[in-house]
Asker: 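My structure is below; once you've seen it, I'll send some questions.
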2 protein chains.
Amino acid sequence: MKKERATIHDISKALGIDSSTVSRALNDSPRVSQKTKGLIIKKAKELGYQRNSLASNLRTNKTHTIAVVIPRISRYFFSTVIAGIEETAHEAGYNVLICQSLDSIDREKKIMSTLISNRVDGIIISISMETTDYKHLEAYQSLEKPIIFFDRPCFLKNCSNITIDNVHASFMATEHLISQGCTRIAHLSGSQKIELYRQRQKGYMAALKKHNLEANAKHIFESGLSEEDGMASAKKILELKGIDGVVSANDTAAISAMKYFKTQGVKVPEDIAVVGFNNDPISAIIEPSLTTIHQPAFEIGKMASRTLLEQMTDNLKEQQISSTLLDSELIIRSSSQKK
Amino acid sequence: MKKERATIHDISKALGIDSSTVSRALNDSPRVSQKTKGLIIKKAKELGYQRNSLASNLRTNKTHTIAVVIPRISRYFFSTVIAGIEETAHEAGYNVLICQSLDSIDREKKIMSTLISNRVDGIIISISMETTDYKHLEAYQSLEKPIIFFDRPCFLKNCSNITIDNVHASFMATEHLISQGCTRIAHLSGSQKIELYRQRQKGYMAALKKHNLEANAKHIFESGLSEEDGMASAKKILELKGIDGVVSANDTAAISAMKYFKTQGVKVPEDIAVVGFNNDPISAIIEPSLTTIHQPAFEIGKMASRTLLEQMTDNLKEQQISSTLLDSELIIRSSSQKK
DNA sequence: CTGTTAGCGCGTTCAC
DNA sequence: GTGAACGCGCTAACAG
């Protein structure tokens, strides 16, 4: 019952041709005549030969596999990015390995370690919320293999970033609230150790400044942006009194803040308008009135994959390092125009 | 700049211990003393050693990788299943390779071929809509490695299935409409070559029979269940006159049928109530009134992964072949009670 | 408990 | 254009 798999040696013996020639033929080397190539390929099919990539990988130190490291695959944004990555990678003959960090630095470190062991040819990653130093990423880089960051920017040496223009997006979001008549706008911000949240806060500040609104440090609530954080910040916002708009650096906090406002009898968006980032279809069900920044997930995935493929195949790495900013879009589901 | 990676030989030389002992120590074999183990592990860290899985894989013919083959990752159902698979697999030290068939048999065949080349240790698959014969799957089986089917049942020899009880779910859906007062219920059915759709049709028929409703072949619309198919079937349903309920074998067709009904001034669910299968958050946005069968995606993923892991590690394959039916749930978002 | 031997299946030198 | 020989890094099998 146990079928032994055919190897190049089997077809070498069957044909009386050396196995090295068989190998070359199967790799379509130009150094083998069309005649013998034909013969070999025919015999290969006949024997049901399937290349053993394991052996090939060991020899060439390439796996034709790229890894995607993300916080959570079931978030619509990330699964859509992966769809984009997969499409591009698949066309180029690459496999895609999925790894979830669950926003834990420990898991991310473990993942990097197995990716090094497995010698994946490249990595596309949205770093975990807890990631503030990059030794585990640099260890991978020392294999001379490329890393691409997306969604959450990271200016590691020799790495490309594929993100939206977060400063601009946050600016747009804030300006939208101002155009709706908001004058005292709070910001649910994330840790300022994280570049992403620095950028989003920067955009918020810039919009206030442009419109001559007071930038009050008390209006900025830095937190982990979890559901509980959103609740807690919302509570503080109400205690402050007079806040009429909120720009949240993510959707989780935005939605839980909105929930809290409602439980306190505060109307959204009439009394306080809220803008969030990057929200899923599912948050649209929970809070249909949330205005949000939409990221072009599929395009981000394709671009990340394309960039990675380039860096894997060419040797001119140095020149190619880039930061690509894709367009985002403000999606307005309900008006909050102040009288 | 190019750092050479340390191998077991480097740490073997550095310590004057044979490389095979080093290998055993690093694999935590009980046949190495704690003392030397400690020494070796310490030295390994010192040299920044990271196992080369490629070599290990070649030797053991195992990859510690399982593949998930699905139609589309960006569908919420599938990405959630993957989350479940990943959780279980990761705990057990396995990697997860993602492959999208895009419901194309040709792509599925290619995928199977590369999975054979890559010697993944097991496969979890929801077969494509176009898959009606299974040679490409049997080729993989001949490597003596297990395949688990989920979502779309497939009774290939020696393979386990993890699905909901489709007959029962479809029965529930149909009975729900009957309880709402529907008496002429149509069925948007899929190809009867596909087991999944046979089962769903069976449940529909059974419910009609139980409640002494006429089972009319004209009320069954077999199609590819695409958006266009949904439209076309909806049109035919209206031409039939008198239909007051529709059980659709998937959500895509259900939603497009509902859309068509509305364009024709038919009220949903008042005039015609519709029940779909397996719908995403996103379809709930498009059609908030759609009643639907909900599958426990995360649980399905965990169960599939667990079953696969068992079959990969044990040798008693024969005994373990099983069909696991997980519970599904009817989610009712709006009443369609007939007067 | 540890060392020795012998490959896993392929790709890459070299020769010719 | 083709063949012979070697080795990628690791581990199974067998000694001792």
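This structure is a prediction, so every number in the text was calculated from the model and none was measured. Just so we're on the same page: letters track the sequence lines, and every chain starts at 1.
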Asker: From CZ of B:Arg119 over to P of C:dC10, roughly how many Å is that when rounded to an integer?
Answerer: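 Whole-Å distance recorded here is 8 Å.
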Asker: Between A:Arg152 and A:Glu108, does a salt bridge (charged side-chain N to carboxylate O under 4.0 Å, His left out) hold up when you go through it step by step?
Answerer: CA-CA 14 Å; A:Arg152 301 181 184 168; A:Glu108 191 175 280; over 6 Å; no
Asker: How is B:Thr36 classified with respect to the nucleic acid when contacts are heavy atoms under 4.0 Å: base, sugar-phosphate, or nothing?
Answerer: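 Since only primed, P, OP1 and OP2 atoms lie under 4.0 Å of B:Thr36, the category is sugar-phosphate.
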Asker: If you look at every strand shown and take non-hydrogen atoms under 4.0 Å, does B:Leu54 touch a base, only sugar-phosphate, or nothing?
Answerer: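 Nothing, no heavy atom under 4.0 Å.
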Asker: Can you confirm whether the side chains of B:Asp18 and B:Ser20 place a donor and an acceptor under 3.5 Å from each other?
Answerer: yes
Asker: Nearest-nucleotide wise, let me know which of B:Arg31 and B:Asn52 is further upstream toward the 5' end of DNA chain D.
Answerer: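 With B:Asn52 and B:Arg31 compared, the 5'-side residue is B:Asn52.
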Asker: Specify the separation, in whole Å, of atom CD1 of B:Ile11 and atom P of D:dG9.
Answerer: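 Rounding to the nearest Å, CD1 of B:Ile11 and P of D:dG9 are 14 Å apart.
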Asker: Kindly assign one of parallel, tilted or perpendicular to the pair A:Phe78 and A:Phe150, based on the angle between their ring planes and the thresholds 30° and 60°.
Answerer: perpendicular
Asker: CZ of A:Arg59 versus C1' of C:dC8: gap in Å, rounded?
Answerer: 14 Å
Asker: Rounded off to whole Å, could you give me the NZ-to-C1' distance for the A:Lys13 and C:dC10 pair?
Answerer: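 Interatomic distance, NZ of A:Lys13 to C1' of C:dC10: 14 Å.
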Asker: Using a cut-off of 4.0 Å on non-hydrogen atoms, how would the nucleic acid contact of A:Asn27 be classed: base, sugar-phosphate, or nothing?
Answerer: sugar-phosphate
Asker: Pick base, sugar-phosphate or nothing for A:Asn57, based on heavy-atom distances below 4.0 Å to the nucleic acid.
Answerer: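 Since no nucleic acid heavy atom lies under 4.0 Å of A:Asn57, the category is nothing.
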Asker: To check you understand the geometry: which heavy-atom pair defines the closest contact between B:Val32 and B:Ala25, and what is its length?
Answerer: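 Scanning both residues completely, I find the closest heavy atoms to be CG2-N, 3.9 Å.
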Asker: Under 4.0 Å between a side-chain N or O of A:Tyr49 and OP1 or OP2 of C:dC10?
Answerer: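 Indeed, a polar side-chain atom of A:Tyr49 lies that close.
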Asker: Choosing from D:dT11, C:dT12, D:dG3, which nucleotide comes nearest the side chain of B:Ser23?
Answerer: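 Looking only at heavy atoms from C-beta outward on B:Ser23, the closest nucleotide is D:dT11.
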Asker: So what does B:Arg24 touch, heavy atoms closer than 4.0 Å: a base, only the sugar-phosphate, or nothing?
Answerer: base
Asker: Can you check the A:His9 NE2 to D:dC6 P distance for me, whole Å?
Answerer: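 The answer, rounded to whole Å, is 14 Å.
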Asker: Could you please name the option among C:dT12, D:dC10, D:dG3 that lies closest to any side-chain atom of B:Thr7?
Answerer: D:dC10
Asker: Please give, in whole Å, the distance from D:dG9 P to B:Leu47 CG?
Answerer: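 Going from B:Leu47 (CG) to D:dG9 (P), I get 15 Å.
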Asker: Minimum heavy-atom separation for B:Arg5 to A:Ala139, with atom names?
Answerer: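 Where B:Arg5 meets A:Ala139 most closely, the heavy atoms are NH2-O, 4.0 Å.
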Asker: Can you measure B:Leu26 atom CG to D:dG9 atom P for me and round it to whole angstrom units?
Answerer: 15 Å
Asker: The side chain of A:Leu58 lies closest to which of these nucleotides: C:dC10, D:dG9, C:dT12?
Answerer: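 Shortest atom-to-atom distance from the side chain points to D:dG9.
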Asker: How would you label the contact of A:Ser33 with the nucleic acid (heavy atoms, under 4.0 Å): base, sugar-phosphate, or nothing?
Answerer: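 Sugar-phosphate, no base atom in range.
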Asker: Pick the nucleotide of DNA chain C nearest each of A:Ser20 and B:Ser19; which residue has the one closer to the 5' end?
Answerer: B:Ser19
Asker: Could you check how far CG of B:Asn61 sits from C1' of C:dC10, rounded to whole Å?
Answerer: 13 Å
